[in-house]
Asks: 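Handing you a structure now.
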There are 4 protein chains.
Amino acid sequence: MPRPPGHGPGYEIKRQQIIDQAAELFARQGYAATGIAEIGQVAGLAKGALYYYIGSKENLLVEIQDRVLRPLLTAARRIAALDEDPVLRLRLLSQTLLELILARLDHIWVYEHDYRHLRGANRARLLRQRREFEKIVQDLLIAAMKTGAFRELDPRLAMLQFLNMHNHTYQWAKPGGEWNAEFLSREYCATLISGFRSPEYDADDLEERVRRFREREEA
Amino acid sequence: MPRPPGHGPGYEIKRQQIIDQAAELFARQGYAATGIAEIGQVAGLAKGALYYYIGSKENLLVEIQDRVLRPLLTAARRIAALDEDPVLRLRLLSQTLLELILARLDHIWVYEHDYRHLRGANRARLLRQRREFEKIVQDLLIAAMKTGAFRELDPRLAMLQFLNMHNHTYQWAKPGGEWNAEFLSREYCATLISGFRSPEYDADDLEERVRRFREREEA
Amino acid sequence: MPRPPGHGPGYEIKRQQIIDQAAELFARQGYAATGIAEIGQVAGLAKGALYYYIGSKENLLVEIQDRVLRPLLTAARRIAALDEDPVLRLRLLSQTLLELILARLDHIWVYEHDYRHLRGANRARLLRQRREFEKIVQDLLIAAMKTGAFRELDPRLAMLQFLNMHNHTYQWAKPGGEWNAEFLSREYCATLISGFRSPEYDADDLEERVRRFREREEA
Amino acid sequence: MPRPPGHGPGYEIKRQQIIDQAAELFARQGYAATGIAEIGQVAGLAKGALYYYIGSKENLLVEIQDRVLRPLLTAARRIAALDEDPVLRLRLLSQTLLELILARLDHIWVYEHDYRHLRGANRARLLRQRREFEKIVQDLLIAAMKTGAFRELDPRLAMLQFLNMHNHTYQWAKPGGEWNAEFLSREYCATLISGFRSPEYDADDLEERVRRFREREEA
DNA sequence: TATGAATGAGTATTCATTCAT
DNA sequence: CATGAATGAATACTCATTCAT
């Protein structure tokens, strides 16, 4: 999406504001059911000015998807590259994913519901990024099998169970709900790991190892 | 002899056909992004005739939701009322749910994505039915805790894990995919039950008990 | 409007029933805002059968207009031809007009509001009949001037005052209202005649003369 | 300097033009039988732009009713509050009413025919205003009875006669017709007052008193 | 930067009417 | 006589987008 050339210093700030507001509307009503006029009203901008910032409605959708996928992939790549037990890395990835979901519930709604309104190159890029994330999870599961922590599972099915459990959270989570990302991650991972682990693997000290990892990181 | 007013014999058949076709379109493109004209074209009917069958677009959505929720609730109530171990009943419910999801993937897409386009009484009824299903699951989990099969869990969180795992399946399942409902149910339940069970509960004979139950039922 | 050739004995009865029901709907909602489907529902007939009786929607309008104008003109011509004082004849015509208005309030609504939806020959015939009625009133007024009962008035303006007073009654009259046609006619005529009469004309015995005329008629 | 959001300077002018044009169409064809497309064509505007000005079709109807009722009520309240003989005030009100009718014949057509297409609050407000006008007339008639100018009449019936006589004028009056409001008011009031007055009341100098009142007012 | 005005195709829905059975 | 099914144009209204100023 070509941005208009040459714009002042406040441009990007306002632009990001508008995307925020659009995300909230899209989440509540759906992308197709939300009008440009409505976004303009919430943003306090007439249509002409709105288009100066957003370029097109689909552009807003692209930006929202990016705001989900860019930090998600960045974090996932970093975690995957850590020199740690794969099970620990899965636990870290789980929490990061849930933090993103809970922090940006509206963005996730849009991400999960309206990606099908993207066309052409935008859609292709999105699907590529989704697949990359899925691969990172699947590779971690395979690594955990290699270390003997997990049984021999169908890696794709294990990955899908992992994603089922996490990604559906947006459907019922509420902003400021009773459970935070760390708690949910502990619960989800406890369930999943007890299902995936080999009989000899002892997961009881996982949370202790997570705590020690965090301490090291902060230092 | 004049026929009484109403609808002819072919009416209901054609009507069901149209709902099928609409479900497929809604699943692919979303409810809001699918036009009545498009449905008419697929159904091979002019707009007037189409409305003769459907009444309104929202009506189609209601029918699709009903096709999911009615058999789901009927089956769930029947299973919940069985005089069997709660864990066994959860396993049976899991498979029934997955059978419905895999058999009507497009209906489930619509069910999961577009219920928010329902208004008023239709919406209220839908939410009531959803809550009833959730309560059935949650009550089975509580029963399993009472028998000592499961640990003392937050019953709501356990129910949400159960539903996360199952309900997100529609996002990646494909018609005629490699895994059937029975296999997925076994895998999902293995994971969930190993996460939920108390140390002394032995789930190894669950599948054997499922098989014996089926044999009894058929008789 | 060509009626379908060859129909049984009940045809005309049912036809008249349908026109009654349509008149009521048209009066309440307006001709343009009333649908054929609605008429069919009230008549308890499917659309096909309805068209068998009515021919077309405009046809209904024509019939309703006829039901007003035909008895009105018949009565007006008869009264105009009476060998009586023109003032007495005006009083008789007034009451006849009001009887028709009060007896068929719904028909009058349609008559006053929706004649403009008629096209071509139907419209021309209607306007011709309306003008004939106006001419009868105007000629009676002229006759009353000739006998010296009324001052020298602009006959057209006098006629319009007469019609204003009577024809607007449908706007506020209610079925079974507190005033009947005879009372209203007396009141309206008292006002109009006291305005129109020449100083030497004494209208005080008019009602007495009306009573005597009625007695003679009945005999 | 960015203009604040809202409407530009030409907006209201064009808006009023469109309402004018719509009134003419509604008067000729009826509200229900006039399409938005037709209005747009006459206004030289595409549908989108038309809606930018009108909001909705019913809105047009509301505006037209307002254009009749607002000046009518304003004038009626002012006249009713005058410190003058009630008969004189009735005569002044009569002329004001006829001036409005003759000046805006098309608006009056719509006012008389299509108010029933208003819904909800719009309809309620209209009926309230109509009743207020009727009450003003009726109160003037009662006041005239109190001063002894008029006989003891049923005040409601007298009011209805007054309104019958005036309000039906739109049915036959033509723009630029041979009679102006002052003339018609004199004629109508002569008829009505001669019908309503008590024997001892002398109305012969009414027109002279009207003339003197006008002179005083201009000063 | 921002506005108000305009477009034209698109929305869901209703209409009077026809006709084979 | 009467039905149910079908049509296709018409209904009021909304949409994302553009552009001169």
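Keep in mind that this is a model prediction, so the values were computed, not measured.
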Asks: How many Å lie between CG on A:L61 and P on F:dA16, as a whole number?
Replies: 13 Å
Asks: Just the rounded figure in Å: distance from C1' of E:dC15 to CD of C:Q29.
Replies: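 My rounded result for the distance is 15 Å.
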Asks: Would you kindly give the CZ-to-P distance between D:R15 and E:dA6, to the nearest whole Å?
Replies: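 Rounding to the nearest Å, CZ of D:R15 and P of E:dA6 are 14 Å apart.
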Asks: Would you call C:R125 and C:D66 a salt bridge, using N to O less than 4.0 angstrom?
Replies: yes
Asks: For F:dA2, does either OP1 or OP2 sit under 4.0 Å from a side-chain N or O belonging to C:Y53?
Replies: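 Indeed, a polar side-chain atom of C:Y53 lies that close.
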Asks: Hey, which sits more toward the 5' end of DNA chain F by its nearest nucleotide, D:E38 or C:L50?
Replies: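 By nearest-heavy-atom nucleotide position, the 5'-most residue is C:L50.
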Asks: How about A:Q29: does its CD atom have over 12 heavy atoms from other parts shown lying under 6.0 Å from it?
Replies: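 More than 12 within 6.0 Å, yes.
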Asks: Checking side chain to side chain contact (heavy atoms under 4.5 Å, CB included) between C:E112 and each of C:I108, C:D114, C:V110, which is the one that passes?
Replies: C:I108
Asks: Atom OH of C:Y51 to atom C1' of F:dG4: distance rounded to whole Å?
Replies: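 The answer, rounded to whole Å, is 16 Å.
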Asks: Can you tell me how far P of E:dA12 sits from CZ of B:R119, to the nearest Å?
Replies: 15 Å
Asks: Taking atom P of E:dT14 as reference, at what distance in whole Å does atom CD1 of B:I54 sit?
Replies: 10 Å
Asks: I'd like the P distance from E:dT1 over to F:dT21, given in whole Å.
Replies: 22 Å
Asks: Would you call B:R67 and B:D20 a salt bridge, taking side-chain N to carboxylate O under 4.0 Å as the test?
Replies: yes
Asks: Round to the nearest Å and state the distance from B:H117 atom NE2 to E:dT11 atom C1'.
Replies: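 B:H117 atom NE2 is separated from E:dT11 atom C1' by 14 Å.
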Asks: Is there a side-chain contact between C:Y52 and the phosphate of F:dC1, meaning an N or O under 4.0 Å from OP1 or OP2?
Replies: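 False: C:Y52 side-chain N/O out of range (4.0 Å or more) of F:dC1 OP1/OP2.
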Asks: For atom CD of C:Q41, is the number of surrounding heavy atoms from other residues, nucleotides or ligands below 6.0 Å larger than 12?
Replies: no
Asks: Quick one: the dot-bracket string of DNA chain E, using Watson-Crick and G-U wobble pairs with both distances under 3.5 Å, [ ] for crossing pairs and | for bases paired to another strand.
Replies: .||||||||||||||||||||
Asks: Report yes if at least one side-chain N or O of A:K57 is closer than 4.0 Å to OP1 or OP2 of F:dA16; otherwise report no.
Replies: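 True: A:K57 side-chain N/O within range (under 4.0 Å) of F:dA16 OP1/OP2.
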Asks: Classify D:I36 by what it touches in the nucleic acid, base, sugar-phosphate, or nothing, heavy-atom distance under 4.0 Å.
Replies: sugar-phosphate
Asks: In terms of the angle between their ring planes, are D:F26 and D:Y31 parallel, tilted or perpendicular, with boundaries placed at 30° and 60°?
Replies: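 Because their plane-to-plane angle is over 60°, the rings of D:F26 and D:Y31 count as perpendicular.
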Asks: So what does A:G48 hit on the nucleic acid, given a heavy-atom distance under 4.0 Å: a base, only sugar-phosphate, or nothing?
Replies: base
Asks: Picking from E:dT18, F:dT7, E:dT7, which would you name as closest to the side chain of D:A46?
Replies: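 Of E:dT18, F:dT7, E:dT7, E:dT7 is nearest to the side chain of D:A46.
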Asks: Both B:A37 and A:G10 contact DNA chain E. Taking the nearest nucleotide for each, which residue is further toward the 5' end?
Replies: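 Final value for this comparison: A:G10.
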Asks: Nearest nucleotide by nearest heavy atom, which residue falls closer to the 5' end of DNA chain E, C:A49 or D:G44?
Replies: D:G44
Asks: Do A:R28 and A:E24 meet the salt-bridge criterion of a basic N to acidic O distance under 4.0 Å?
Replies: yes
Asks: Starting at NZ of C:K47 and ending at P of E:dA16, how long is that distance when rounded to a whole Å?
Replies: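 Computing the C:K47:NZ to E:dA16:P distance gives 8 Å.
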Asks: With sugar-phosphate meaning primed atoms plus P, OP1 and OP2, does D:K14 contact a base, only sugar-phosphate, or nothing at under 4.0 Å between heavy atoms?
Replies: sugar-phosphate
Asks: Assess whether side-chain hydrogen bond (donor to acceptor under 3.5 Å, both in side chains) is satisfied between D:Q16 and D:E12, documenting all intermediate values.
Replies: CA-CA 6 Å; D:Q16 296 298 333; D:E12 197 55 30; 2.8 Å; yes
